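Right, one structure below, let's go through it.
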Amino acid sequence: MTGRRGTGPATGGTAPGVRGRLSRALSPATAFSGRHQSLTTVVTFAVIGIILPVIVLFPPFSGFGTQNDWVGGFADAGIFVLLAIGLNVVVGWAGLLDLGYAAFFAIGSYTYAYGASPFTGVHIPFWAMLPVGAFVAAAFGILLGAPTLRLRGDYLAIVTLGFGEIVPAVFLNASTLTNGTNGIVGLDQPSLGRLFGVGDFGFTNPWPYFATILAIIAVAFMLLSRLENSRLGRAWVAIREDELAAASMGINTVTTKLLAFAIGASTAGLAGVYSAAKLSIVSPDQFNFTVSFTVLAMVVLGGMGNIWGVAAGAFLVFELQSQGLKQLNTFIGSLGLPSFQLGPITVDLATINFLNYQYLLYGLALVLMMLLRPEGLFPSRRRRRELHESPDEAERGNVELSEAEAVEP
Amino acid sequence: MTPATAPLGRARLSAGRWNLALGTIAALVAAYVIMDLGAGGEGQAQFINALTIGAIYALIALGYTMVYGIIELINFAHGDVFMVGSFVSWWLLTTIGFSGAITDPLLLGVILAVGFVFSMGVMGVVGMIIERFAYRPLRNAPRLAPLITAIGVSFILQNVIQVGVSNSIVTTPQIIPNTTLNIGPVSIRAINLFIIVLAVVLMAALQLFIGRTRLGRAMRSTAIDRDAAQLMGVDINTTIALTFFIGSGLAGAAGVVQGLYFGVTVFTLGFYAGLFAFTAAVLGGIGNTTGAALGGFVIGFIQVIAAVYGYGVWSEVVVFTALVLVLVFRPTGILGQQLGERA
């Protein structure tokens, strides 16, 4: 409690000044991006698409792998960025805790597997399957949401968690339809016929995948950030902040929540189609609850409600997980630290595999973020206010009014 | 907008009490018949198996329902507290140095008593620590915040066991001898009898504690209206910590039982057990301890019936479908009396 309160005023004191100067300096750019939101998005992603592959040519990144390795990694990171911005619609904007988000990812993937694989003998092009996957996932979102969105938030969390378990379980157990544990293999690779000079999609050439996921994310970004400030987006925020008040202002809460669910699900469906095509295989174990929780951790860390923050959070978490921990292993190992005794346990840092601690780190990050900085690393302004100055905090009477809080105003 | 939750403790059943008793008996008879048909005359063994599994779920579900009743938090980490409890008892038994059945009844009794007290105590303290550091600072934060920390704590507990103890299934010593007792027409393995009796005793003790003691009254009043209880002199922090101690202690007991009955434990155990137990708590009417116990047995029966008919792999699907149906059609659960905030 004191930590959270203690840091608040300090940053609050300096931030407005810096921010004010920054925003004045950037005001022409801000004005432009405000007027041409979609154009800005496209330009930003084009710049990201150029910068990322260039950065990895320089140390220290160049030491960790070839440029192709990195680009392939970025293409995988894109899946999680897409998942995170989709979950952000549900959790960040509409305030519905969805713990079974991987289910929609799975549905998107299996949709592609049914639409473009030797398993069914149907071969629909990848590009056509993208909207189909999104649509099917959205339909399942509505199917799940319709009976359950009437429930209060934490019940919804459990139902979605259950759904997130049922879907992979069905794909696992209905083996005549889904080939069970082995999954469906040999899915079609996308093809463009050398259109943009990016060459063929293939297992050894990550560039077309990188370009594709960037394009998908850019489109999703354009659509979603337009939604954020639309009537629907404002309705989501209203429901999140006070559902009763929102309903009495004439918002149809069930439809609005259903739309959040469906739109979030459709984004996961897109990610599913892309991921299935990239891996060329779908199997039930790709979609267990750790996927849902990882994406949730990304959204929370990035800053619920801020689409750019969430995307950055997802990218950072993915890269830290896939590259950072690995490099930490090599780095600590190369230091040659002596082992030491910690009570009965011998700690030998050189042999610790930090990859094993991935979920411990996620867990700690979730707990610490909620305690110290609940608005995330890159918060949306509204979310920060909401999380720090909960209006009913004063009403309910703070149980432990610490000194730090008492002097805060 | 403080939702009115069903008070902890005795379900306020007036005219419904007889209906409930009759309904329970009818459901048990039906379950027995269904199992007997499915298991080809092995109905009795399966019935006892279902009661035993149900008892484990019921013990875990009590922790969920108590915590939900008092601070309206779904304690996602609770299933993992159960899992850690099973590892604590595994550690104790292997450290003392037992690997097989103990035939001396006195020694067995002492070991069991030590095992349960130790595991329950350790897990109770763990639960209090979790509450103190992960939930208490967020007591007045938006609902999403403690829910996310709970998931974080669940990750931490799993990973600590996975990395610190074992990455795979560990075998727990089964110290209760595999003897079958014949009581009239019923033949029951000693371990099943022990688990069912233990669960019933613990539940009865909990009911007495909540219903008849001063601290229990403090818990009930905190559950109904935290602020008013505080004004009446109830120490809220102590009461909530106590709730976590008892709930986690019961999960610890369930962990010991898990080891004794199934003989194995694994770091991922808590996830499904926790989900099923939570479903049990919701089925029974969350916030209601009698309901949680009842729900635990219902889940046990659903699972065993599914297994008897060869749909064992589908049991989670069946259980979650049941959960969704209950939430949609009767969100207050079987015994839920007062309606929550559009529950």
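Quick caveat, the model's predicted, so the values are computed rather than measured.
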For this session: Please determine, among B:Leu323, B:Leu157, B:Ile74, B:Leu73, the option with the most heavy-atom pairs under 4.5 Å with chain A.
Result: B:Ile74

Exercise. Say you draw a straight line from CG of A:Leu368 to CZ of B:Phe133; how long is it, rounded to the nearest 0.5 Å?
Worked result: 12.0 Å

Problem set entry | Separation of A:Leu161 CG from B:Phe271 CZ (nearest 0.5 Å) | 4.5 Å

Exercise. Considering only heavy atoms, which portion of B:Leu275 lies under 4.5 Å from any heavy atom of chain A: side chain, backbone, both, or neither?
Worked result: side chain

Problem set entry | Residue A:Leu99 versus chain B: region with a heavy atom under 4.5 Å | side chain

Problem set entry | Side chain, backbone, both or neither of B:Val282 within contact of chain A (heavy atoms, under 4.5 Å) | side chain

For this session: Can you spot which of A:Tyr357, A:Phe289, A:Tyr359 makes a ring pair (Phe, Tyr, Trp, His ring centres under 6.0 Å) with B:Phe155?
Result: A:Tyr359

Problem set entry | Pairing residues for A:Ser175 by the side chain to side chain donor-acceptor pair (under 3.5 Å) criterion, not counting sequence neighbours | none

Exercise. Is it the backbone or the side chain of B:Val317 that comes under 4.5 Å from a heavy atom of chain A, or both, or neither?
Worked result: both

For this session: Could you tell me which portion of A:Ala174 (side chain, backbone, both or neither) has an atom closer than 4.5 angstrom to a non-hydrogen atom of chain B?
Result: both

Problem set entry | Residue among A:Leu361, A:Leu366, A:Leu364 satisfying side-chain contact (heavy atoms from CB on, under 4.5 Å) with B:Ile156 | A:Leu364

Problem set entry | With B:Tyr64 via side chain to side chain donor-acceptor pair (under 3.5 Å) - residues at least two apart | none

Exercise. Can you name the closest pair of heavy atoms from B:Leu138 and A:Met370 and give their distance?
Worked result: CD2-O, 3.5 Å

For this session: Identify the heavy atoms of B:Ala134 and A:Leu371 that sit nearest to each other, and give their distance.
Result: O-CD2, 4.2 Å

Problem set entry | Any residue of residues 291-301 of chain A which, by heavy atoms, sits under 4.5 Å from chain B | A:Phe293, A:Leu296, A:Val300

For this session: Could you name each residue pair satisfying side-chain hydrogen bond (donor to acceptor under 3.5 Å, both in side chains) that touches residues 271-283 of chain B, not counting sequence neighbours?
Result: A:Glu165-B:Tyr272, B:Tyr272-B:Glu316

Seminar exercise, completed: Taking every heavy atom of A:Val367 against every heavy atom of B:Val153, the minimum-distance pair comes out as CG2-N, 3.8 Å

For this session: Measure distances from A:Val167 to the heavy atoms of chain B and classify the residue's part below 4.5 Å as side chain, backbone, both or neither.
Result: neither

